[in-house]
Amino acid sequence: MNTPLLISPVRAFSDNYIWVIHNQRYAAVIDPGDAGPVHDFLIQNNLTLCGILITHHHADHTGGITELVRTCHVPVFGPATENIPRMDHPLTEAETVHLAPLQLTLQVIEVPGHTLGHIAYFGHGWLFSGDTLFGCGCGRLFEGTPAQMLTSLEKLCQLPAGTQVFCAHEYTLDNIAFALTVEPDNPVLRTRSQQDHERIANHQPTLPSSLGLEMATNPFLRCNEPTVRQYVQHLAGNNINHPVEIFSHLRQMKNHFHLS
Ligand code: ZN
Ligand code: FE
């Protein structure tokens, strides 16, 4: 019988999550920006590392690879078009990652926007979305265009609504505050706001969320909704109609949004 797989968050820096998939014997890590907290978690839980999965090249996602590989000699998977330290398994669209010790199989989804090579991993009902899709938000456009990012987000929305979403940062409350300025009367968003404030007050992660919840509350996935379109048009002009333009303005508004 297969041992069920568990997922645990390991916190790093101020707001990163390094997700650890394990079966109480072996473990794989996603985006280990820092080796220290990963090592501590492995030791505390008596786990042997068997693989490292990377979503994109930013240091807060890759900074721990070299140290982990030095001590654990495990394969490093990541986006083929990005420069990832120690990567020996470059991945492209629709390829799969299989880690036999975990009986884990994840499918690669290319999601350019935050960076040009950014990939997400999907399988077992889970989505590891890196810095592409956040709880109630999305990543900044450091390398890609708004059209690329919107296409990437729409691609993720094709996955089953029950998919659990594991993001690489705890940004949910800030994102909810912005979302509430866009859709103050969205009842699902208001309920989510309450729940996630409680989670943070109890020192719990707001993640995973689900794709269904994201589609009901995340303004960046709702560029076709009249409420979201009207909000953007009200601030930026009635001539703005195309979903890419709506998305682009929304992303810029979020960049300049600060809690008062
Ligand atoms: Zn990043
Ligand atoms: Fe990041």
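Note that these values count all heavy atoms, side chains included, but never hydrogens, waters or copies made by symmetry. Counting convention: from 1, in listed order, for ligands and their atoms alike. The structure displayed is predicted, hence computed values, not measured ones.
- By the 4.5 Å heavy-atom criterion applied to side chains, R251 and L141 are counted as neighbours.
- Residues I18 and V38 are in side-chain contact: their nearest non-hydrogen atoms beyond the backbone lie under 4.5 Å apart.
- N202 places no side-chain N or O within 3.5 Å of a backbone atom of Q204 that could act as its donor or acceptor partner.
- Between F166 and Y17, the distance separating the two ring centers is not shorter than 6.0 angstrom.
- A side chain to side chain contact (heavy atoms under 4.5 Å, CB included) with W126 is found for one member of L159, I21, V165 and no other, namely I21.
- Among H118, H114, E82, the single residue meeting the side-chain hydrogen bond (donor to acceptor under 3.5 Å, both in side chains) criterion with H58 is H114.
- Among the backbone and side-chain atoms of H58, none of the N, O or S atoms lies under 2.8 Å from the Fe ion (ligand 2).
- The OD2 atom of D60 and the OD2 atom of D131 subtend an angle of 170° at the Fe ion (ligand 2), given to the nearest 10 degrees.
- If you look at H114 and ask which of its N, O or S atoms sits nearest the Zn ion (ligand 1), the answer is NE2.
- For the Zn ion (ligand 1), the nearest N, O or S atom contributed by D131 is named OD2.
- Nearest N, O or S atom of H169 to the Fe ion (ligand 2): atom NE2.
- The Zn ion (ligand 1) sits nearest to atom ND1 when only the N, O or S atoms of H58 are considered.
- The Fe ion (ligand 2) does not have H56 among its coordinating residues (no N/O/S atom, backbone or side chain, under 2.8 Å).
- Within H56, the N, O or S atom at minimum distance from the Zn ion (ligand 1) carries the name NE2.
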